[in-house]
Structure formats: structure tokens, C-alpha cells
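For reference, positions follow the sequence shown, starting with 1.
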Amino acid sequence: MDERASYQQRVMGPLLIVTVILGVLGLPVAVWLDLRLLSERVLRMQASEASRIIDDMRSYYGSDVVGRVLQSPGQVTVTHNYHDVPGAIPIPATLSIELGKRISAHDGSVKYHFVSDMPFKGREPHRLDDFEKDAIARLRANPQQTIVEVSGTILDKIVRTAAPVTMGPVCVSCHNTHPDSPKTDWKVGDVRGIQEISVNQPIFANVSSFKYSLIYLSLASMAGLACIFLQRRQEKLIRGMNQELTEANDFLAGISMKLAKYLSPQVYKSIFSGQKDVAIATERKKLTIFFSDIKDFTAISDRLQPEDLTELLNDYFTEMSAIALRHGATIDKFFGDAILIFFGDPDTKGVEEDARACLRMAVDMQQHMEHLNAIWRKRGIETPMCVRMGINTGFCNVGNFGSNDRMAYTIIGAEANLAARLQAIAEPGGICLSYETYALVRDMVRARPLEPIVMKGIKREVVPYAVEGLLGELAQRPQVIIEHVTGLDLFLDLDAIKQGEVERARRRLSEALAALEKSRLTAQAS
């Protein structure tokens, strides 16, 4: 068995090397030859189409413009129904329509149309298809966007593009006064219609351009079959590789744990457990969105070196993330010094409990900022960092957004923007709630309403609520006492102090109070 395995390995080694060398050398040669044939075919086709379009334009210009001018007995006029008026030539819109008819009349790969949903009376109407109707509507909403549609089958692709036809001063003057115009209140910049260009390229027509690649693939297939046949004889050898595969699996498991650092734990768990597919898909859910931002962070960053700023931000994000995960939040992203977090997907405890968990998280974050500021003060950061927080509850689109190659699990919607707006109007170190969130947590907080705000994308007026105090379980939490003045550096975290050290801390504080009282009496006596 060992001798046969050794012999097969000695034979397979050189054979595989020869096969790989031929494959590596043959593929680029075959691709280069095919690309040369394909580029020549495409260039010939483009030159032919360009020549045909120019001939159509020259023919139309000669017959319907120059010819009519030369035949005119008197003054030349410009009108849309120039066929019915002796000595008249077409206006630009009519020129585009007629050229489109001539260019599209041929059985070529390029078609051109100048269409509008408001043609002049008496003009032959053009039946708009769904693409043209949608393009006109979208370009009127935003003339700067690009409209492209790709359709067809795997053997025949059609690409259609649409560009807006905007009204200029001369066009507005003509259309608003012409008796045949269906609309007389045009304005400069309005989109009257679209210019549509469609290109049809049968893929099957170019298959013959890949003959060298087909030959190469045929030879490669034969070589592959030969390798498969020989590989079957090494089945016993493959069994010896199971241990290596086990080690590879362990390595991949380690890699997956590293990748988990780039995903929220809930998202990572749902993907690797098979609950969610890694595909572009979203769903509409009612979420509680949290948005925070550090006040005057730009001014703070200007006073710090890049290394210190990086360390400070990493500490801040690490501590805030730990609190968020402890409360079951899904961390969406960090951008700059801001944090976007939401509750309700992929795991949810119900809309009300999600909102309550978000408020508890925000309170914990604000309390923990006092602890962080004490640590940063010892590092030389004099100005304390104050965080503003906004919380909103509403419907958002949540899921995978992006491309097939790269995607992000995030939320999109006006309600997410509202959370950012609430953060912007919150006081430094404060929390601002929307009414939708306040209604769910009103038994936990004492809040006062602020002036209503209006946001783009939200039809209703939004009444923000600034959190002034805490009720119930939140109010009973241990407080952090912190004070920094000349000669005094006090930080007392009642939640962090150990039970066995309470008496020692009380004794030291008593000594400090006695010393302060003695100093006060001495100052009064002198």
C-alpha cells in the first residue's frame, strides 16, 4: 500500500505541475485572443451604428431643414407642425422627435426617443411605457439623478437610460403662449419630458468571439476529468488528510471569533446560527433608537495629540459598548464621536420593554461618564466630557443594506434621524425623549416638554421631553459623588466600593470633615 501510494504520488506530482503550467499559460493567451476579437467586433458595430445615426441626422437635416429653407418663397418660420406650414422648419423638440423616429426605424442596436406626457395638441401621441412614466416622475422630483434600466434575458440584454428635458427661457415663452400647448404655466428648469436611449446587444451574437476560451475550457475539462480519474485512485491517501482538515476547522473557528468583533453579538449569533441569511433584505419594525454625541468634541480633539485622542475614544466606545450589550442593545455603528444603537431587532422583548431597557442603558451611560471623567482627569484631560443623548421610538427599515459583495446591518428611516435631532437639542449630560418613548417610560422618569420641532420626513410635530429626574428603580440606584476644586479631588462611587471598605472610607471622610472644620475655626480666629 505504501509503495503504491508513493508511486501514485510521484506520478501525480509531475502531472499536476504540467497541467497547472499549461492551464496558467493557456488561459491568458485564450482570453487575450478572445478579447481582441471581441473588441474588434464591438468597435466595428459601434462604428457602424455611429455612421448610421450620422447618416440619418444628415439626411433629416438636408430634407426637413435645409430643403425646406431653400424651397421657402418668403420668410422662414419655426413651428412644431412644420409639415403643414410652407417654408417652416421644426422647433428643437420636434427635431428631436423626428430624429428619434428615423434613428429607431432601422433594425439597429441603438434606439432614440424624445417623449413627453404632455405633447402639443394634434401631435401624434406616444404611448408611454412603465419605464418612461417612472423616469418622468422621478426626474421631475430630482432632475440630477441618473435613470438606468437593464432588462432582457440571459441571451439578450437591453439597457435603457433616460435624461431630463428641461425648459429654458425660450421654451417657457413658447409653450406658455402657444394655443396647442396643454400646459401654460411652465417655469424655467421644469422637466417637460425625457430623452431615452436604449441599446440592445444580443449576448449570443458575441459567443463566437470566445472561441479560443471555449477551446481552452474544453481542453481544461478533459484535463480535469483525467485528474479526477487519477484522484480516485488516491482515495486512501485523502483519508489521511482528515487531521489537517480538523486543524483547518479550528483555525476557521478562530477567524470567525475575530470577525465577531466587527458585528453586534445579536447579529453575529443570528447569522452563524442560521436564523438570518446573509443577503440584502430588510423589514419594517418598531424600534427604540438611541443616538449620542459628545459636546464640543472638536474643541477637545484640538487640544489632544492624535495618540491621546485615539486612546480616549477607544476607552469611551469600549465602556459604552459594554453597557449597551449588558442591556441587550444592538450596536449599529460608531461614526466620529457619535454612537447609534437600537432596541427591537434582531431580539426584542416587546416595544415597551425595549424602550425601558434603552432608558436604563442611557442612565447607566450618563452615570458611568462621571467615572470615566475622573479617570481621564488623572491622565491630564482637564475639561470633562459631556454626552448628549436622544431616544426615539418608531418604525424603521432594519436589515442588510449594501451590495452583494459588501453589506451592513443597519437601520434607515426618519425615526432614526429624529433620534439624532433629539440628541442635538438635549442639554450636555442630559437625555431627551420623543413623546412616543416618553409615553412608554413615563412611570420611570420625571420630564418636562420642550418646544415642538418639525423634521423633514415626519409630517407631525414632535414634542421633545427633557429628562429632569428619575423615578422608581432608577432613582434608587447608588449615586456617584464627584468634585474637583483647588485642593480637593473627590470621587466616590457608592456602587463600586466594596462592603469591607465602607467603614474605612467613612472614617477617612470624617477625618477630612474634621480637618476642614478645624481649618475654618482657625481662619475665623485669625
Side-chain angles (χ1 to χ4, degrees), residues 42 45-46 49-50 52-54 56-57 80 90-120 123-172 174-175 181-183 185-203 206 279-282 284 397 399-408 410 412-414 417 456-457:
V42 171
M45 182 180 65
Q46 291 177 347
E49 287 294 323
R52 179 180 64 80
I53 293 173
I54 293 173
D56 289 339
M57 294 174 63
H80 71 286
I91 61 176
T94 304
L95 175 67
S96 299
I97 294 173
E98 296 295 331
L99 276 177
K101 291 180 179 180
R102 291 205 177 193
I103 293 173
S104 302
H106 299 278
D107 188 18
S109 61
V110 179
K111 306 289 184 183
Y112 169 78
H113 295 287
F114 181 95
V115 298
S116 174
D117 55 349
M118 288 183 280
F120 273 17
R123 177 172 287 168
E124 180 183 356
H126 174 79
R127 185 181 297 275
L128 300 175
D129 58 22
D130 293 339
F131 170 78
E132 294 165 341
K133 292 177 183 177
D134 179 67
I136 291 175
R138 290 171 61 186
L139 289 173
R140 281 180 178 157
N142 180 14
Q144 305 300 323
Q145 62 180 310
T146 301
I147 307 296
V148 180
E149 179 189 71
V150 180
S151 61
T153 64
I154 60 174
L155 299 178
D156 185 61
K157 288 294 182 182
I158 299 176
V159 179
R160 302 175 71 183
T161 64
V165 177
T166 56
M167 301 290 288
V170 176
C171 299
V172 170
C174 174
H175 282 70
S181 176
K183 178 179 170 67
D185 57 347
W186 291 101
K187 297 178 182 179
V188 175
D190 285 352
V191 175
R192 181 194 172 196
I194 59 170
Q195 293 187 111
E196 175 193 351
I197 297 177
S198 62
V199 180
N200 179 17
Q201 179 58 56
I203 298 177
N206 294 322
I280 298 176
T282 62
R284 189 168 175 81
N397 289 329
N400 292 325
F401 294 83
S403 67
N404 291 328
D405 299 321
R406 182 171 180 175
M407 59 189 68
T410 184
I412 290 180
N417 298 333
K456 182 178 180 181

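- Residues passing the side chain to side chain donor-acceptor pair (under 3.5 Å) test with R138, sequence neighbours excluded: D134, Q145.
- Here the shortest heavy-atom pairing between A135 and I194 reads CB-CD1, 4.1 Å.
- Nearest heavy atom pair, residue P119 against residue S116, reads CD-O, 4.0 Å.
- What you find for L139 and A162 is that their closest heavy atoms are CD1-O, 4.2 Å.
- Residues passing the side chain to side chain contact (heavy atoms under 4.5 Å, CB included) test with L128 are V115, D117, H126, E132, K133, I136, sequence neighbours excluded.
- Rounding to the nearest 0.5 angstrom, the gap separating the OG1 atom in T166 from the CZ atom in R192 is 11.5 Å.
- Partners of K183 under the salt bridge (Lys or Arg N to Asp or Glu O under 4.0 Å) rule, at least two apart in sequence or in another chain, are D185.
- Between F131 and S151 there is no side-chain heavy-atom pair separated by less than 4.5 Å.
- Taking a 6.0 Å sphere around CG of N142, one finds it holds more than 12 heavy atoms contributed by other residues, nucleotides or ligands.
- The salt bridge (Lys or Arg N to Asp or Glu O under 4.0 Å) test applied to R284 returns no partner, not counting sequence neighbours.
- Each of I197, T146, V199 was evaluated against T161; a single residue qualifies, I197, per the side-chain contact (heavy atoms from CB on, under 4.5 Å) test.
- For N417, the side chain to side chain contact (heavy atoms under 4.5 Å, CB included) test picks out M455, with sequence neighbours left out.
- Contact annotation: the side chain of D129 approaches that of R160 to within less than 4.5 Å [non-hydrogen atoms, C-beta and beyond].
- Residues that satisfy the side chain to side chain contact (heavy atoms under 4.5 Å, CB included) test with V165, not counting sequence neighbours, are F114, Q195.
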